Chemist: 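My structure is below; once you've seen it, I'll send some questions.
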Amino acid sequence: MTQVFKFGGASIQDAAAIRRLGELLARFRSRPLIVVVSAMGKTTNALEALLAAAREGEADDYRDRLETLRRDHLAAVESLFGARTGPVAERVEALITELDRRHRRHAGRERPFHYDQTVCFGELLSTTIVSAWLEEAGMATEWLDARELVVTDDCHQAANVDWQATAEKVRGLAADDRIRVTQGFIGGTAEGISTTLGREGSDYSAAILAHCLEAEEVTIWKDVPGLFNADPRRFDNAVQLERISYREAIELAWHGAKVIHPKTLGPLQQKAIPLTVRSFQDLEAPPSTIGRDTRFDTQTPSLVLREAQTLLEVRPRDFAFMDEARQHDILGRLVEAGLHAGLVDTGAMRLSLCLDGHPERLEPLVASLCADYAVERRDDLTLLTVRHADDALLAALGAGRDSLAERRNADTAQRLFPGSQCRGTWHIPT
Ligand SMILES: Nc1ncnc2c1ncn2[C@@H]1O[C@H](COP(=O)(O)OP(=O)(O)O)[C@@H](O)[C@H]1O
Ligand SMILES: N[C@@H](CC(=O)OP(=O)(O)O)C(=O)O
């Protein structure tokens, strides 16, 4: 049965990493194997900056950024292929030329459309290099264009999958022993227009393909051995969760654990396809497995920090109630702004929203709310979410920190703190 592997930006950030990826794949003989790859390193951020420079009319900055992208990708090609650089370098040059041409052609279009036509090149470049390298390393490989495989609507930057059309395309894939390499994060409409699935969406791409192929398993290869009960970069005593359920993993991802894209779990859960999170740096390290089994979910409390949050306290101006009609109006504006509230709390005359401080989306929302309501705002906050906490743990986590908003139900507790009280490394009180 089919295996789906997903490799993120960190696992292919340069030539050395791509070589290690080749060594890793050479150890896996099981076929069919679909390999979903993100853009190299921080290329998607670089493409976003390129787009911003162009849309703000900074032509020199745009040219410099395009040249940096070209140079960085060609440097990886030269390091990998040495004297045999020619054909791969030509394909990379052709993609950079096509990126520039498409970007110019669509410069007058609305930003989300322009974004998708530009930013999709990160994954097109990385998969071109990776698949050529696997061939070079002796593995029969086929490069697939995810824009022709993952069929979506035209909701640019957050495209919705047409599951039936995608399943039909995927079923048409040839069944032979080649490794199929394709792009994460990107798709295409039935008319052939490029789309993207949302930032960090390559995990979701792997899940879409696995769902449509009824795959045996999805493996996400990371720079950590698996899923931990807190980000090991921020918590010095985080522990690995060896087995958790789809539901628990969705909760962690939804609350902001930046290790799996939240949309990944749904398509896998529907077909009971297990998700394994493994280290690409240490193949012997025991992985984490996410599946149907819920028995281990409550054993270890899990913590998620969401930084750079903004708290908006919205009140009707005329001492009126914050009734359902007003809540509907305010939450409707939130949906239109494309913002997610990590915490929502209501009072008789107040609706409090904790939002990602994403200026491009937040500022128009605040302006629109200020026109009709009294709005109080606090920036630079950190939202802590704890799953399966007891009172003692919550009290210890809150000690010395001012709680600006709180919410608690049977399995989840949230506290909003000033960001200044949350910097640096945390220790989970035991
Ligand atoms: N609960 C968690 N468990 C494991 N890693 C986590 C968790 N929360 C955040 N992370 C961070 O996720 C990082 C890996 O994800 P990411 O950088 O998005 O990988 P990629 O882009 O390669 O897919 C780790 O380096 C780790 O710091
Ligand atoms: N390259 C895209 C998609 C993605 O999922 O990347 P990564 O797997 O490196 O987080 C992004 O940066 O948003």
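Keep in mind that what you see is a predicted model, and the values were worked out from it rather than measured. Any value given below was found using the heavy atoms of this structure, including those in side chains, with hydrogens, waters and symmetry copies removed. Whatever order the structure lists them in is the order used to number ligands and atoms, beginning at 1.
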Chemist: Are Gly122 and ligand 2 in contact, using a heavy-atom cut-off of under 4.0 Å?
Modeler: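 It does not, in that no heavy atom of Gly122 comes within the 4.0 Å cut-off of ligand 2.
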Chemist: How long is the gap from CG on Leu124 to CG on Asp145, to the nearest 0.5 Å?
Modeler: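 Spacing of CG (Leu124) from CG (Asp145) equals 6.0 Å.
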Chemist: Step through it carefully: locate the ring centre of His106, locate the ring centre of Phe113, and say whether they are under 6.0 Å apart.
Modeler: yes
Chemist: Using a 4.0 Å cutoff against the non-hydrogen atoms of Asp223, which atoms of ligand 1 qualify?
Modeler: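 Contacts of ligand 1 toward Asp223, numbered from 1: 13 (C), 14 (C), 24 (C), 25 (O).
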Chemist: Take every heavy atom of Gly226, measure it against each atom of ligand 1, and state whether any distance is under 4.0 Å.
Modeler: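 Yes, Gly226 has a heavy atom closer than 4.0 Å to ligand 1.
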Chemist: Starting from atom 9 (O) of ligand 2, which protein heavy atom do you reach first, and at what distance in Å?
Modeler: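 Residue, atom and distance for the closest contact: Gly9 N, 2.8 Å.
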Chemist: Rounded at 0.5 Å granularity, tell me how far CD1 in Ile96 sits from CD in Glu98.
Modeler: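 Interatomic distance, Ile96 CD1 to Glu98 CD, rounded to 0.5 Å: 11.0 Å.
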Chemist: To check you understand the geometry: which heavy-atom pair defines the closest contact between Leu227 and Val259, and what is its length?
Modeler: CD1-CG1, 3.2 Å
Chemist: For ligand 1, which atoms have a heavy atom of Gly8 less than 4.0 angstrom away?
Modeler: 20 (P), 22 (O), 23 (O)
Chemist: Hey, is CZ on Arg199 packed in by over 12 heavy atoms from elsewhere, all under 6.0 Å?
Modeler: yes
Chemist: Could you check which of Arg199, Gln183, Lys222 puts a non-hydrogen atom nearest to atom 13 (O) of ligand 2?
Modeler: Arg199
Chemist: State plainly whether the residues Arg295 and Asp293 are in salt-bridge range, i.e. N to O under 4.0 Å.
Modeler: yes
Chemist: What is the distance from atom CE of Met139 to atom CG of Leu134, rounded to the nearest 0.5 Å?
Modeler: 5.0 Å
Chemist: Does Glu123 approach ligand 2 within less than 4.0 angstrom via side chain, backbone, both or neither, non-hydrogen atoms only?
Modeler: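 For Glu123, the contact with ligand 2 is made by the side chain alone.
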Chemist: Under 4.0 Å from a heavy atom of Lys6: give me the atoms of ligand 2 that qualify, with their elements.
Modeler: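 Result: 8 (O).
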Chemist: What is the nearest protein non-hydrogen atom to atom 10 (O) of ligand 2, stated with its residue, atom name and distance?
Modeler: Glu200 CG, 3.4 Å
Chemist: For Pro418 and Leu381, which heavy atoms make the closest approach, and how far apart are they?
Modeler: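 That would be CA-CD2, 3.9 Å.
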Chemist: Mark up the atoms of ligand 1 that fall under 4.0 Å of a heavy atom belonging to Arg233, in ascending order.
Modeler: 13 (C), 24 (C), 25 (O), 27 (O)
Chemist: Are Arg401 and Trp426 in a cation-pi contact, defined as NZ or CZ under 6.0 Å from the six-membered ring centre and within 45° of the axis?
Modeler: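 The answer is yes, since Arg401 meets both limits relative to Trp426.
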Chemist: Decide if the gap between the ring center of His103 and the ring center of Phe121 is smaller than 6.0 angstrom.
Modeler: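 They do not qualify: ring centres at least 6.0 Å apart.
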Chemist: Is it true that Phe228 and Phe235 have ring centroids separated by less than 6.0 Å?
Modeler: no
Chemist: What atoms of ligand 2 come within less than 4.0 Å of a heavy atom belonging to Gly8?
Modeler: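 Matching atoms, with element in brackets: 8 (O), 9 (O).
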Chemist: Among protein heavy atoms, which sits nearest to atom 3 (C) of ligand 2, and what does the distance come to when rounded to 0.1 Å?
Modeler: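 Sorting protein heavy atoms by distance from atom 3 (C) of ligand 2 puts Ser202 OG, 3.4 Å first.
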Chemist: Using a strict cut-off of 4.0 Å, indicate which atoms of ligand 1 neighbour a heavy atom of Gly9.
Modeler: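 Close to Gly9: 21 (O), 22 (O).
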Chemist: State the atoms of ligand 2, each with its element, that fall below the 4.0 Å cut-off from a heavy-atom position in Phe185.
Modeler: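 Selected atoms, number and element: 2 (C), 3 (C).
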Chemist: For ligand 1, does Asp231 get within less than 4.0 Å through its side chain, its backbone, both, or neither, judged by non-hydrogen atoms?
Modeler: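 Near ligand 1, Asp231 shows its backbone as well as its side chain.
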Chemist: Counting from 1, what ligand 1 atoms have a heavy atom of Lys6 closer than 4.0 Å?
Modeler: 23 (O)
Chemist: Evaluating non-hydrogen atoms only, which member of Val259, Leu305, Val277 is closest to atom 6 (C) of ligand 1?
Modeler: Val259
Chemist: Which residue supplies the protein heavy atom nearest to atom 3 (N) of ligand 1, what is that atom called, and how far is it?
Modeler: Phe228 N, 2.9 Å
Chemist: Can you name the atoms of ligand 1, numbered from 1 with element, that are less than 4.0 Å from a heavy atom of Pro232?
Modeler: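 Numbered from 1, ligand 1 contributes 4 (C), 5 (N), 6 (C).
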Chemist: Check Ala215 against Val4 and note the closest heavy-atom contact, atom names and distance.
Modeler: CB-CG2, 4.0 Å
Chemist: Measuring from non-hydrogen atoms of His261 to any atom of ligand 2, is the shortest distance under 4.0 Å?
Modeler: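 Contact check His261 vs ligand 2: negative.
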Chemist: What atoms of ligand 2 come within less than 4.0 Å of a heavy atom belonging to Thr44?
Modeler: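 Counting atoms of ligand 2 from 1, those under 4.0 Å from Thr44 are 1 (N), 2 (C), 11 (C), 12 (O).
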Chemist: Checking a contact table here: which protein heavy atom is nearest atom 20 (P) of ligand 1, and how many Å away?
Modeler: Lys222 NZ, 3.6 Å
Chemist: Any nitrogen or oxygen of Lys258, main chain or side chain, under 3.5 Å from a nitrogen or oxygen of ligand 1?
Modeler: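 Yes, since at least one N or O of Lys258 sits under 3.5 Å from an N or O of ligand 1.
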Chemist: When rounded to the nearest 0.5 angstrom, what distance separates OG1 in Thr152 from CG in Asp154?
Modeler: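 Spacing of OG1 (Thr152) from CG (Asp154) equals 7.5 Å.
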Chemist: Which part of Ser38 is near ligand 2, with near meaning a heavy atom under 4.0 Å away: side chain, backbone, both or neither?
Modeler: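 Side chain only.
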Chemist: Taking all non-hydrogen atoms of both residues into account, name the closest pair between His261 and Thr264 and its distance.
Modeler: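 Closest approach of His261 to Thr264, heavy atoms only: O-OG1, 2.6 Å.
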Chemist: Relative to the heavy atoms of Ala10, which atoms of ligand 1 are at a distance of less than 4.0 Å?
Modeler: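 Counting atoms of ligand 1 from 1, those under 4.0 Å from Ala10 are 22 (O).
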Chemist: Any non-hydrogen side-chain atom of Leu275 less than 4.5 Å from a side-chain atom of Asp203?
Modeler: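 Leu275 vs Asp203: side chains apart.
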